[in-house]
Participant: 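Below is one structure. I have some questions about it.
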Amino acid sequence: MTVTQMPSPPMTELQPQTDGPALLTPRKDRIEQTLARLLARDATRSELREVVYQYADLHRIQGMEPELAVTSLKLIVRRAASARRATALTDDVDTADETMAMMIRWYSRRYNRTGMSTLIAD
């Protein structure tokens, strides 16, 4: 009689890894791409805030330092602002700094429920 082993279930994004923080890069990439698309189309604050919250939740699960995420947020906002300026018909484009500060405040509150005023000033 032969005993066949059942295949192990596939690894999903939410299963923890035993050798360190979970690396959820595909989910991170999707969130960053969604943020870029929302910024490019001048989405509402509510839409942006929801995605920023997802980003903060992901980083908390991964154990990532918030400072690293702030760097990513800044890059995403700057790229989107440059793309919007290139296609804008008028000069009525929100400044990247205002959007960035707003998103960092949301991220900070969601990630650790405290302010990151030193990071906002950068």
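Not measured: the values here are computed from a predicted model.
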Participant: Can you find a heavy atom in the side chain of Lys74 that is under 4.5 Å from one in the side chain of Ile104?
Facilitator: yes

Participant: Which pair of non-hydrogen atoms, one from Ala69 and one from Met64, has the smallest distance, and what is that distance?
Facilitator: N-SD, 4.3 Å

Participant: Arg45: which residues meet the side-chain contact (heavy atoms from CB on, under 4.5 Å) condition with it, sequence neighbours left out?
Facilitator: Met102, Trp106

Participant: Side chains of Leu58 and Gln54: closer than 4.5 Å at any heavy-atom pair?
Facilitator: no

Participant: Partners of Ser46 by side-chain hydrogen bond (donor to acceptor under 3.5 Å, both in side chains), sequence neighbours excluded?
Facilitator: none

Participant: What distance do Leu73 atom CG and Arg78 atom CZ have between them, rounded to the nearest 0.5 Å?
Facilitator: 11.0 Å

Participant: What distance separates Thr71 OG1 from Glu65 CD, expressed to the nearest 0.5 Å?
Facilitator: 11.5 Å

Participant: Going by the ring pair (Phe, Tyr, Trp, His ring centres under 6.0 Å) test, which pairs reach into residues 28-57, not counting sequence neighbours?
Facilitator: Tyr55-His59

Participant: Evaluate the side-chain proximity of Glu47 to Arg41: yes if any heavy-atom separation is below 4.5 Å, no if none is.
Facilitator: yes

Participant: Could you tell me whether the side chain of Arg110 and the main chain of Ala56 form a donor-acceptor pair under 3.5 Å?
Facilitator: no

Participant: Kindly write out the residues that satisfy side-chain hydrogen bond (donor to acceptor under 3.5 Å, both in side chains) with Arg37, not counting sequence neighbours, or none if the list is empty.
Facilitator: Thr34

Participant: Taking side-chain hydrogen bond (donor to acceptor under 3.5 Å, both in side chains) as the test, write out the residues that go with Gln33, two or more places apart.
Facilitator: none

Participant: Run the side-chain contact (heavy atoms from CB on, under 4.5 Å) test against Ala80 and tell me which residues pass, sequence neighbours left out.
Facilitator: Leu39

Participant: Holding to salt bridge (charged side-chain N to carboxylate O under 4.0 Å, His left out), I want the full list of residues that pass it with Glu50, two or more places apart in sequence or in another chain.
Facilitator: none

Participant: Report yes if the side chains of Ile31 and Val52 come closer than 4.5 Å at any heavy-atom pair, otherwise no.
Facilitator: no

Participant: Do Met103 and Val77 have side chains that get closer than 4.5 Å, going by heavy atoms?
Facilitator: yes

